[in-house]
Amino acid sequence: MTIIVTRHTGLIQWLKSHGIVGDVISHVEFPDQIRGKDVVGVLPLHLAAVAASVTTVEMTLPADKRGVDLTPEEMDSFGAIMHTYIVQEVL
């Protein structure tokens, strides 16, 4: 199961155009929301460690576009690319 963690509708549209769909939440309130699931979005490491995997969408943004809801076309113009990570807590 895929969980998308974002407030940005442009990101949801961009992901869909790349075949990524799932339940969308704006933030993680409890670790059990993502435990053992594939997550797309930005998470702090302590939460990323409970997910099965974390996929981020990375791009090179000018300062005035950071935190702004971009269109899928703008995301492509800024070189949006997905990277998937598996995070493990070391005890």
Side-chain angles (χ1 to χ4, degrees):
M1 173 180 219
T2 299
I3 304 291
I4 300 168
V5 181
T6 187
R7 300 179 323 258
H8 300 286
T9 57
L11 174 60
I12 297 166
Q13 294 167 349
W14 186 88
L15 290 168
K16 187 175 182 179
S17 74
H18 287 81
I20 307 294
V21 295
D23 293 339
V24 179
I25 59 176
S26 61
H27 66 283
V28 177
E29 291 185 51
F30 307 103
D32 284 343
Q33 289 176 280
I34 60 166
R35 189 176 310 279
K37 298 175 181 165
D38 297 310
V39 177
V40 179
V42 178
L43 295 175
L45 291 174
H46 73 281
L47 290 175
V50 303
S53 68
V54 178
T55 299
T56 61
V57 178
E58 300 173 18
M59 58 194 121
T60 304
L61 292 176
D64 65 326
K65 294 293 185 179
R66 293 185 186 139
V68 174
D69 195 4
L70 303 171
T71 67
E73 296 77 21
E74 288 174 312
M75 292 178 65
D76 284 334
S77 75
F78 294 124
I81 187 168
M82 289 182 269
H83 293 277
T84 300
Y85 303 90
I86 295 175
V87 179
Q88 180 179 356
E89 181 180 4
V90 178
L91 302 176

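Computed from a predicted model, the values in this text were never measured in an experiment.
Pro31 and Leu47 get closest at one heavy-atom pair: CG-CD2, 4.0 Å. Residue Val54 comes nearest to Ala48 through the heavy atom pair CG2-CB, 3.7 Å, listed as atom of the first residue, atom of the second, then distance. Annotation for Gly10 and Asp69: closest pair N-OD1, 3.0 Å, computed over non-hydrogen atoms. Shown here for Ala52 and Ile86, the closest heavy-atom pair between the two residues is O-CG1, 3.7 Å. Pairing each heavy atom of Lys37 with each of Ala51, the nearest pair is O-CB, 3.5 Å.
Counting only heavy atoms from C-beta outward, the side chains of Val57 and Leu15 approach each other to under 4.5 Å. A heavy-atom distance below 4.5 Å is not found between the side chains of Val21 and Thr2. No side-chain heavy atom of Ile20 sits under 4.5 Å from any side-chain heavy atom of Trp14. The side-chain heavy atoms of Val5 and Gln33, taken from C-beta on, include no pair separated by under 4.5 Å.
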### Message
Let's go through Asp23 and Met1 carefully: what are the C-alpha distance in whole Å and the side-chain angles of both, what is the deciding distance for side-chain contact (heavy atoms from CB on, under 4.5 Å) to 0.1 Å, and is it a yes or a no?
### Response
CA-CA 8 Å; Asp23 293 339; Met1 173 180 219; 2.7 Å; yes
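Atoms CG and CD, from Leu61 and Glu74 in turn, are 9.5 Å apart once rounded to the nearest 0.5 Å. How far NE2 of His18 is from CE of Met75: 8.5 Å, rounded to the nearest 0.5 Å. A distance of 8.0 Å separates CD in Glu73 from CD in Gln13, rounded to the nearest 0.5 Å. Atom CD1 in Ile12 sits 12.5 Å away from atom OG in Ser17 (nearest 0.5 Å).
At a cut-off of 3.5 Å, with distance as the only test, no side-chain donor of Asp38 or Thr55 sits close to an acceptor on the other residue.
Criterion: ILVMFWY side-chain heavy atoms under 4.5 Å apart, direct or through other members. Under it, Val40 and Met59 are part of a common hydrophobic cluster. Under the 4.5 Å side-chain contact rule for hydrophobic residues, Val87 and Ile34 do not share a cluster. Put simply, Leu11 and Ile3 are part of two different groups of oily side chains (I, L, V, M, F, W, Y) that touch within less than 4.5 Å, one to the next. Linking ILVMFWY residues whenever their side-chain heavy atoms come closer than 4.5 Å, directly or via other members, leaves Val28 and Ile4 in distinct clusters.
The backbone N or O of Glu58 lies less than 3.5 Å from no partner atom in the side chain of Thr56, so there is not a single donor-acceptor pair.
With sequence neighbours excluded, the residues forming a salt bridge (Lys or Arg N to Asp or Glu O under 4.0 Å) with Asp32 are Arg35, listed by chain and number.
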